[in-house]
Amino acid sequence: MDAPPSPQPLEPTRKRPRSESEPTASLQHAFSRDERFWYEDGNVIIIAQGVGFRVFKGLLAADSEVFRDMLSLAKPAPDLSRESGLDDCPVVHVTDTAAEVRSLLAILLGGRRYMRRLKFEFDDVANCIRLAHKYGIQDVLEDSLEELKKYFPATFDAFATRLTSETSTDAIVAANLARLTNTLSILPAALYGCCQLDGKELLEGKVRKDGVVDTLNFEDLGHCTDGMRRLCTLNVQLASDVFSPLDNAECVIIDRCNTSLATLQLKWIHRIPRGNGDVLAPWDLRGYDRKKKPKPSSPLCASCIALLEARATTLRQRIWSELPDVFNLKEGSEEVVSQEDAVMSQGDS
Ligand SMILES: [Zn+2]
């Protein structure tokens, strides 16, 4: 696939350096058979991290030139065949992790477009993006990126209803995938997630189940440092703006409501824990309803509460649109969109 080059190609930190995939005649021999992807009539064995996957050449080669070339070079390993009764089945070693290969095979052999039905977790989605990008499998790449956007969306509305992944450090993985595939529209939500991590988590990165570690590159760490400071400031500003006086014609006790607002404004500004930059979190002010029992100390009428919540949404929406500036990303939001379109349109050409 001729995807546009990533501005910052990323490789996760691995236990061992990752070299190019290549078939090899001198095998290290020992491998265990994958429990799921070992077909007795398969005609190629892919070995990743000591795990062998016996699958079908044609299926892998059908949509990937990279696979096609790689598999055409696969050779039987005479020693292995004799010892294990593998009948001259060609073998190819890859430098991907076994988990990555397993996720990709689940898509390729399991009906491709049924990611939801396959109950893919975030890690599987990430694995598929890495390998579909590497092996140039465009439809799997596009579907997987769409899946990633359900966790780290490109719009404010989608952000409000996003899927939450199990691990908060998945935001680091998402930022790296955005860079790897040049899908920069994912970057603001991903970096926002990174800014909600504490320093140790942010620096140590996401440790995958198999021990592989994903960390942010220096450039994005810098964007997060800029972002954290600004998000905290914006959070204080937001509380101040939301609770500024209302001019609500539908309110019959507007003086009382505005008195409550003045109190709440001060309370909230002081109540925001130091370093809290979760400025996009939803607001729920129903607890201040004057009809609530026991009556809250700063009561508001239902009409004013509705206005305040709408005001908070508008302000958060504005902050969302300013995220590229918050993170000091050089890419303007227009460029972010056009670059992504460029990646996606390759599938149509
Ligand atoms: Zn009111």
Side-chain angles (χ1 to χ4, degrees), residues 149-165 168 171 185 188-198 224 226-329 332-333 336-337:
K149 285 181 195 167
K150 291 178 184 166
Y151 295 90
F152 295 93
T155 66
F156 177 78
D157 288 343
F159 185 82
T161 55
R162 69 192 184 281
L163 295 176
T164 47
S165 61
S168 51
S185 63
L191 292 181
Y192 182 84
C194 292
C195 285
Q196 311 309 316
L197 302 171
D198 62 37
C224 285
D226 291 337
M228 279 171 165
R229 275 201 319 264
R230 290 174 190 162
L231 289 173
C232 293
T233 310
L234 284 169
N235 214 4
V236 175
Q237 185 67 48
L238 178 67
S240 170
D241 290 348
V242 170
F243 291 119
S244 58
L246 277 174
D247 182 13
N248 180 7
E250 287 179 21
C251 174
V252 290
I253 52 159
I254 191 66
D255 287 346
R256 181 73 194 90
C257 281
N258 274 329
T259 304
S260 290
L261 284 181
T263 311
L264 286 172
Q265 191 181 44
L266 271 177
K267 255 195 201 166
W268 272 63
I269 289 171
H270 289 289
R271 212 182 70 181
I272 294 170
R274 237 176 252 181
N276 183 340
D278 194 8
V279 65
L280 296 175
W283 280 60
D284 181 358
L285 298 173
R286 284 171 298 180
Y288 296 107
D289 194 322
R290 59 200 277 259
K291 289 184 177 155
K292 209 168 175 282
K293 302 255 164 43
K295 196 173 180 179
S297 56
S298 300
L300 295 164
C301 76
S303 163
C304 283
I305 286 177
L307 276 185
L308 292 172
E309 287 184 351
R311 187 189 252 181
T313 301
T314 307
L315 290 166
R316 282 158 54 232
Q317 225 157 0
R318 192 188 300 160
I319 292 170
W320 168 270
S321 68
E322 290 167 358
L323 284 183
D325 282 338
V326 168
F327 296 122
N328 207 13
L329 294 169
S333 50
V336 165
V337 171

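As the structure lists them, so they are numbered: ligands from 1, and atoms in each ligand from 1. We number each residue from 1, following the sequence as shown.
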Q. Using 4.0 Å as the upper bound for N to carboxylate O, is an ion pair formed by Asp289 and Lys291?
A. no
**Q.** N, O or S atoms of the protein lying under 2.8 Å from the Zn ion (ligand 1)
**A.** Cys251 SG, Cys257 SG, Cys301 SG, Cys304 SG
Q: Might you point out which heavy atoms bring Arg286 and Glu309 nearest each other, and give the distance in Å?
A: N-OE2, 3.9 Å
Q: Could you tell me whether the side chain of Leu231 reaches within less than 4.5 Å of the side chain of Tyr192, counting heavy atoms only?
A: yes
Scan the side chains in residues 246-255 for donor-acceptor partners under 3.5 Å anywhere in the protein, sequence neighbours excluded, and list what turns up.
from, atom 1, to, atom 2, distance (Å)
Asn248, OD1, Glu250, N, 3.1
Asn248, ND2, Ser303, OG, 2.8

Q | Arg290 side chain to Cys257 backbone, donor-acceptor under 3.5 Å | A | no
Q: Step by step, work out the ring-ring contact (aromatic ring centres under 6.0 Å, His included) result for Tyr288 and Trp283.
A: CA-CA 12 Å; Tyr288 296 107; Trp283 280 60; 9.5 Å; no
